[in-house]
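Computed from a predicted structure; not experimentally measured. Chain letters run A, B, ... following the sequence lines, proteins first, then strands; residues in each count from 1.
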Number of protein chains: 2
Amino acid sequence: MADERGSTHAKRAAYDLRQRILKGEMPGGTRLYEVALADEMAISRTPVREAMSRLAEEGLLERARGGGFVVRSFSQADVVDAIELRGVLEGTALRLAAEAGAEPRAIAEAREILTRIDTALAAGDVAMLDPYGELNGLFHEEIAALCPSAIVRRELDRVKSLPFASPSAFVFKRLDSPAMINSLVIAQAQHHAMLDAIEAREGARAEALAREHARIARANLESRAKSADEGHPALALIVN
Amino acid sequence: MADERGSTHAKRAAYDLRQRILKGEMPGGTRLYEVALADEMAISRTPVREAMSRLAEEGLLERARGGGFVVRSFSQADVVDAIELRGVLEGTALRLAAEAGAEPRAIAEAREILTRIDTALAAGDVAMLDPYGELNGLFHEEIAALCPSAIVRRELDRVKSLPFASPSAFVFKRLDSPAMINSLVIAQAQHHAMLDAIEAREGARAEALAREHARIARANLESRAKSADEGHPALALIVN
DNA sequence: GGCCCCATCAATGTATACATGACCGTGTAT
DNA sequence: ATACACGGTCATGTATACATTGATGGGGCC
């Protein structure tokens, strides 16, 4: 009764359900029954409904015809499209930031993160992968914050909330080939170029870079699919 | 008790609330109280909560800190940004359609709508404005349907659901100057060009056209603001 | 034998009573 | 005078009983 993941039953239930869905425990298309869930969690139907409603806002559930909720289905094609869309929206965010001009202070903060990534990359061993993934996610947060449009930032956040569309979803966890190091080096070069473009108010360049940058995530996804490395956590909720 | 706008109290309440918000009756930032609304509508709190939850999914309400819901606030800048974003997403939809290739049958259907707009435009009087607005909305639906990506279509729909970001939000209702006719002629030329681009698989052209096309809506919005033509229905919920 | 109707059940929809928690005023102590 | 603590009030959070609806299966009629 005193779980730490929220102060109300509804928030805890939403957290629990989210975890279970993201873990793939309830694949796309699974119907969620209020009574069953309320039973399992030892709470009443009311907070369960509330939780499902919140997850529907997040895009993890869909309202079913005739009432109730169903886990949203994502196909392989949806994953690719979501990454593409993330690139488009990040590109728009950066273009608007470049056109409007960004605070030098905020740009400097983003650069500072890039410096830390540079340092991690210099190590060149497998131990840098975890910091890389974290710093990468942080950097993408920082550049999204440069966008002057709250509407664009919000929609970008929304797309990034899909586990497989987030910028750090397909950063490697192992170093199987030298090509992987190269891929990180290239991505980091794009990071630097994006900031340069914003600073120089080169909107079109910033936009193009963001789109191309997202293609690295797509390529990583596809190489992962080929190497039959199933069970990637971000892909747990994909159905074919 | 037998309103026609939905079979359940929750759906009717959602419909009612949506109308009231879009009418500007409850400006951005207004807090909604369950008991008060339940009283007014002569239903219990439960369907009111359900209705508010649905409107939050639509993006019309936001969950307030400490519980409850607040009408989402949109600034003038948000309106401009939403139109820009709509252009970006429509552009992406058309680019993907062009790159993947679209069904000739579907393209023909869209062209048929354009023919009807051509006919309406030929009249050249104020009576054509209503059909124009309707056909324009229909055309934008048709071209969105050409996009092979369900994810992109969904996000585009989401943005278009904002009343001021929909393609036909700022089509004129009166003909005050010859320049307005020109604006419609230009927009229609862009419509034709978009379909041409998709047919010829010219993705970049289709994307650029969609973005430029959205700029007409933005220009209409700004000329409207200048002419102090307040009370536009799509702008009722804007707060400054 | 096939089809339709009705009973039954299981799921969500709704109402309401009660619990909890947040906000705001007032009071006091520093 | 300001900061903090306390308590009351009001809104939301939760549980639960009851209503309604939609699906399903069996039995009877054609």
Side-chain angles (χ1 to χ4, degrees), chain A residues 1-21 25-73, chain B residues 1-21 25-73:
Chain A
M1 212 60 140
D3 204 351
E4 297 308 319
R5 294 304 180 174
S7 48
T8 70
H9 286 168
K11 285 177 187 163
R12 273 193 295 273
Y15 179 86
D16 282 358
L17 275 177
R18 191 185 300 109
Q19 295 305 316
R20 292 173 67 178
I21 293 169
E25 195 175 319
M26 304 158 134
T30 305
R31 172 136 193 193
L32 301 184
Y33 295 102
E34 295 178 5
V35 277
L37 292 172
D39 255 24
E40 290 175 31
M41 305 188 196
I43 57 181
S44 78
R45 284 171 52 209
T46 312
V48 172
R49 280 169 76 100
E50 172 73 15
M52 293 196 295
S53 171
R54 284 165 187 257
L55 295 183
E57 283 175 45
E58 288 178 25
L60 239 49
L61 300 182
E62 285 176 327
R63 288 182 191 273
R65 124 198 116 78
F69 292 85
V70 173
V71 179
R72 185 164 163 204
S73 285
Chain B
M1 214 58 143
D3 206 349
E4 297 306 319
R5 295 303 180 173
S7 48
T8 70
H9 286 168
K11 285 178 186 163
R12 274 193 295 275
Y15 179 86
D16 282 358
L17 275 178
R18 192 185 299 110
Q19 295 305 316
R20 291 174 66 178
I21 293 169
E25 197 175 319
M26 303 157 135
T30 304
R31 171 136 193 194
L32 300 185
Y33 295 102
E34 295 177 5
V35 277
L37 292 172
D39 255 24
E40 290 175 31
M41 304 187 195
I43 58 181
S44 79
R45 284 171 52 207
T46 312
V48 172
R49 278 170 77 99
E50 171 74 16
M52 293 196 296
S53 173
R54 284 166 187 256
L55 295 183
E57 284 174 42
E58 289 178 24
L60 240 47
L61 300 183
E62 285 177 327
R63 289 183 191 273
R65 122 196 121 81
F69 293 86
V70 172
V71 178
R72 186 165 163 204
S73 285

Determine the minimum heavy-atom distance between A:Leu17 and A:Met41, stating which atoms define it. CG-CE, 3.8 Å

Walk me through whether A:Val70 and A:Thr30 qualify under side chain to side chain contact (heavy atoms under 4.5 Å, CB included). CA-CA 6 Å; A:Val70 173; A:Thr30 305; over 6 Å; no

Rounded interatomic separation in angstrom, taking CZ from A:Arg54 and P from D:dG13: 7 Å

Length of the CE-C1' vector between A:Met52 and D:dG13, whole Å: 16 Å

Distances for protein N/O vs nucleotides 23-25 of chain C N/O pairs under 3.5 angstrom?
residue : atom : partner : partner atom : Å
C:dC23  : OP1  : B:Arg65 : NH1          : 2.9
C:dC23  : OP1  : B:Arg65 : NH2          : 3.2

Atom pair distance, as rounded to whole Å: CZ in B:Arg63 and P in D:dG13: 8 Å

With B:Ser44, which residues qualify under side chain to side chain contact (heavy atoms under 4.5 Å, CB included), at least two apart? B:Thr46, B:Pro47

Can you list the residues that meet the salt bridge (charged side-chain N to carboxylate O under 4.0 Å, His left out) rule with B:Arg20, with sequence neighbours excluded? B:Glu25, B:Glu40

Whole angstrom is fine here: how far is it from CG in A:Leu37 over to P in C:dA10? 17 Å

So, OP1 or OP2 of D:dT20: does either fall under 4.0 Å of a side-chain N or O from B:His9? no

If I take atom CZ in residue B:Arg12 and atom P in nucleotide D:dT20, what distance separates them, rounded to the nearest angstrom? 13 Å

Check nucleotides 4-8 of chain D against the protein and report each pair of N or O atoms closer than 3.5 Å, with its distance, or say if there are none.
none

Degree of bending, the helix from C:dG1-D:dC30 to C:dT30-D:dA1 (end axes from five pairs; round to 10°): 20°

Does anything in residues 25-35 of chain A reach DNA chain C, meaning a heavy atom under 4.0 Å, and if so which residues? A:Arg31, A:Leu32, A:Tyr33, A:Glu34

Test side chain to side chain donor-acceptor pair (under 3.5 Å) applied to B:Gln19 - qualifying residues, sequence neighbours left out: none

Determine, step by step, whether A:Arg31 and A:Phe69 satisfy the side chain to side chain contact (heavy atoms under 4.5 Å, CB included) criterion, reporting the C-alpha distance in whole Å, the side-chain angles of both residues, the deciding distance to 0.1 Å, and the verdict. CA-CA 6 Å; A:Arg31 172 136 193 193; A:Phe69 292 85; over 6 Å; no

As a test of reading the structure: which of D:dA15, D:dT14, C:dG13 is closest to the side chain of B:Arg45, going by heavy atoms? D:dT14

Using whole Å, what does the distance between atom C1' of nucleotide D:dA11 and atom CZ of B:Phe69 come to? 13 Å

Side chain to side chain contact (heavy atoms under 4.5 Å, CB included) involving B:Arg49 - partner list, sequence neighbours excluded: A:Glu50, B:Glu34, B:Arg45

Indicate the atoms forming the closest heavy-atom contact of B:Met26 with B:Val71, along with that distance. O-CG1, 3.6 Å

Note: B:Ala56 and A:Glu57 closest approach over all heavy atoms is CB-OE2, 3.6 Å

Look at all strands and tell whether B:Thr46 reaches a base, only sugar-phosphate, or nothing, counting heavy atoms closer than 4.0 Å. base

Provide the closest heavy-atom pair for A:Gly28 versus A:Ser73 in the form atom of the first, atom of the second, distance. C-OG, 3.3 Å

In this structure, how many angstroms lie between the C1' atom of C:dT20 and the CD1 atom of A:Ile43, rounded? 15 Å

Walk me through whether A:Met52 and A:Leu37 qualify under side chain to side chain contact (heavy atoms under 4.5 Å, CB included). CA-CA 10 Å; A:Met52 293 196 295; A:Leu37 292 172; 4.2 Å; yes

Side chain to side chain contact (heavy atoms under 4.5 Å, CB included) assessment of B:Glu58 paired with B:Arg18: CA-CA 10 Å; B:Glu58 289 178 24; B:Arg18 192 185 299 110; 2.6 Å; yes

Can you measure A:Met41 atom CE to D:dA15 atom C1' for me and round it to whole angstrom units? 16 Å

